[in-house]
S.K.: 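Could you have a look at this structure, given as structure tokens, before my questions?
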Amino acid sequence: MDIDDTKENNGSTPRRRENSLHLSPVLPEASGFGLPYAPVDWPKKGDIWAWKVGRRVAITGHFLDRYLYPPKRLQKLVDSGRKRGLASKLSVERYVKLAFPDADINAFFASFSWKIPAMKHSLTNVARAFFAAPPDERAEVLVSDPQSDGLACKAGNKKCNSLFAEAECPSLVPLPCDLCCNEPRFCRDCCCILCSKTIDLKHGGYSYIKCEAMVNGYICGHVAHLNCALRSYMAGTVGGSIGLDAEYYCRRCDTKTFLVPHVTTVLKTCESIDSRDEIEKILNIAVCILRGSQKSNAKGLLNRIESAIKELKCGTSLEDIWKVKETDTVMSTDIFHNGNGELGPTNHQDLVDDKSCLEAVLSVSSDYRSEYLKIECEIDQVLQSLRKAQESEYKIAEEQLCSQKVYLRHLYQQLEKERSELPDRSSGNEADASLNAVLSRVNQIKYEVMRLKEMEEVANGFGRTPKGVLKEYFGLEIED
């Protein structure tokens, strides 16, 4: 591509020429039909392709995100959901080859310009410096800034994730967002969706989570501080309508992300950190994420992390802390499995000399992973059975307690009615009878309230409730 440095048009970058096409710079998210940025009369006369650009601009001044849309009649040839367009040369090439196997792909791309220049005010400072420098000095501009890939961050963050992307590498198309992403200083790649402050990439980015959910062919891509998400009840284990279990709930796309893999990665990162304070800070966030989870893998990971925190506070060396966490792996590798599906004891001769010990070892399955999965499955079944049993007990208690509540309300209503009728009694005998009825009703209410207090002992669980109470009030026979 040649650059025409002799002209600038109303604040735009210099006009360019490619294959005799005059390329006029365009605004971010601009779109259009046909030349110079899309084919015309291809493959047949009257076929006009459409184009669109995103927001990101490379150091060379052209848009990183550009899309090509086939004519409507061609979209039916390949079922590929082209509402978001073909986002890379590779996807265009695949589409053309699939729809027109005999087509000359080089001639196709030569008929229009794939690169689309951006208006000058859309460029980064480095890109502006690139065009302001003499042609023979532009190579120096490209290497003078560590972020010279030219990606722009709306928040002005020099450590934004987008700055480290390869400029020519086609990225996933981000989910259209007219909410937070319309804010002038908000960048979905590095700004927390909950507090709008930039994220920290320190220690592998343990402190934030990125939503990588695909929504209608787009990637969400919004990030959030884990601390913000935890405080907002959008991460960890949360009941209610959201119903999270060691998960993160994205406010933008309403998608849940399982956080155990993130915590596992964070734990591995801690092994390379020398600062005990930093490690404890990271592990405390991991504990908040996993605490209360009903998933067995999350519980096991939580126990491991809590154990590491205790050892940190006790002054155990970092090397020993992580060695302890590797005991299970070492044991399973050195004792139970030699990589070929056979038993490989560390000291085989000693075990041969002791026949009983050898038999004990041989009785254990060599496929320890399978055995462990069985154990994990059994534990999950036990927990599910326990939950069902507790739910059954809860229903029984709820039914009986509510029944007692309704009965007491009826007694109180009767008492109120009988008390209101006392002044209307004229004769002495009738007054005495009415008074006796009221006193009898009061005693009855006291008795039923006492029974209710005994029934409320189930709050401690059926296992800790006296058998007589369970039998009398809930109809349960508990054997010794």
Side-chain angles (χ1 to χ4, degrees), residues 1-9 12-120 122-123 127 130-131 135-136 138-139 142 149-151 165-173:
M1 179 188 294
D2 297 326
I3 300 178
D4 183 358
D5 292 321
T6 61
K7 291 185 179 181
E8 286 196 15
N9 185 23
S12 66
T13 59
R15 289 181 177 272
R16 309 180 186 190
R17 298 190 305 273
E18 182 175 311
N19 299 334
S20 73
L21 297 173
H22 291 279
L23 310 183
S24 300
V26 302
L27 292 170
E29 297 187 346
S31 61
F33 293 89
L35 294 174
Y37 304 127
V40 295
D41 296 332
W42 196 98
K44 293 183 178 181
K45 188 173 181 62
D47 288 337
I48 300 178
W49 296 55
W51 59 269
K52 183 180 179 180
V53 296
R55 287 184 169 273
R56 300 188 305 162
V57 181
I59 179 61
T60 52
H62 64 269
F63 284 97
L64 286 171
D65 304 313
R66 70 98 77 210
Y67 315 104
L68 200 62
Y69 301 81
K72 289 184 179 180
R73 77 172 190 85
L74 298 182
Q75 292 178 10
K76 300 177 181 179
L77 297 178
V78 179
D79 183 14
S80 51
R82 294 303 167 199
K83 289 185 178 180
R84 63 184 181 91
L86 297 148
S88 68
K89 272 193 172 182
L90 181 59
S91 61
V92 173
E93 184 175 346
R94 287 174 178 170
Y95 175 82
V96 172
K97 286 183 176 180
L98 186 59
F100 306 97
D102 298 328
D104 185 345
I105 192 67
N106 293 325
F108 173 82
F109 280 112
S111 67
F112 68 101
S113 173
W114 177 260
K115 294 184 177 182
I116 302 178
M119 298 289 285
K120 187 174 181 179
S122 302
L123 304 182
F130 174 82
F131 289 112
D136 58 345
R138 285 173 179 168
L142 290 175
D149 52 14
L151 299 181
E166 294 184 11
E168 297 299 331
C169 178
S171 60
L172 291 172
V173 181

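We count residues from 1, following the sequence as given. Computed from a predicted structure; not experimentally measured. Only heavy atoms go into these numbers, but all of them, side chains included; no hydrogens, no water, no symmetry mates.
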S.K.: Supply the atom-to-atom distance Phe63 CZ to Lys52 NZ, rounded to the nearest 0.5 angstrom.
M.R.: 12.0 Å
S.K.: So do the side chains of Val92 and Trp114 get within less than 4.5 Å of each other, counting heavy atoms only?
M.R.: yes
S.K.: Considering all heavy atoms of both residues, which atom of Pro28 and which atom of Val53 are nearest to each other, and what is their separation?
M.R.: C-CG2, 4.3 Å
S.K.: What is the distance from atom OH of Tyr67 to atom CH2 of Trp51, rounded to the nearest 0.5 Å?
M.R.: 13.0 Å
S.K.: Under a 4.5 Å cut-off applied to non-hydrogen side-chain atoms, are Leu86 and Pro70 in contact?
M.R.: yes
S.K.: Angle between ring planes, Phe112 versus Phe108, binned at 30° and 60°: parallel, tilted or perpendicular?
M.R.: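 Phe112 vs Phe108 ring planes: perpendicular.
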S.K.: Between atom CZ of Phe33 and atom CD1 of Ile48, what is the distance when rounded to the nearest 0.5 Å?
M.R.: 8.5 Å
S.K.: Compare every heavy atom of Pro36 with every heavy atom of Leu23, then report the nearest pair and how far apart it is.
M.R.: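 Taking Leu23 first and Pro36 second, the nearest heavy atoms are CD2-CB, 3.6 Å.
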S.K.: Any pair with a residue in residues 38-51 that passes salt bridge (Lys or Arg N to Asp or Glu O under 4.0 Å), sequence neighbours left out, goes on the list, sorted by first then second residue, please.
M.R.: Asp47-Arg73
S.K.: Taking atom CG of Leu64 and atom CD1 of Ile116, what is their separation to the nearest 0.5 Å?
M.R.: 11.5 Å
S.K.: How long is the span from the OG atom in Ser111 to the CG atom in Asn106, to the nearest 0.5 Å?
M.R.: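 Between atom OG of Ser111 and atom CG of Asn106 there are 11.0 Å.
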S.K.: What pair of heavy atoms forms the shortest contact from Ala38 to Leu68, and how long is it?
M.R.: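 Taking Ala38 first and Leu68 second, the nearest heavy atoms are CB-CD1, 3.7 Å.
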S.K.: Do side-chain atoms of Trp42 reach the backbone of Trp49 as a donor and acceptor pair under 3.5 angstrom?
M.R.: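 Not at all, since once roles are kept as given, no pair shorter than 3.5 Å links the two residues.
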S.K.: Roughly how far, to the nearest 0.5 Å, is the OH atom of Tyr37 from the OG atom of Ser31?
M.R.: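 The distance works out to 13.0 Å.
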S.K.: Could you go step by step and tell me if Lys97 and Glu93 meet the salt bridge (Lys or Arg N to Asp or Glu O under 4.0 Å) rule?
M.R.: CA-CA 6 Å; Lys97 286 183 176 180; Glu93 184 175 346; 2.9 Å; yes
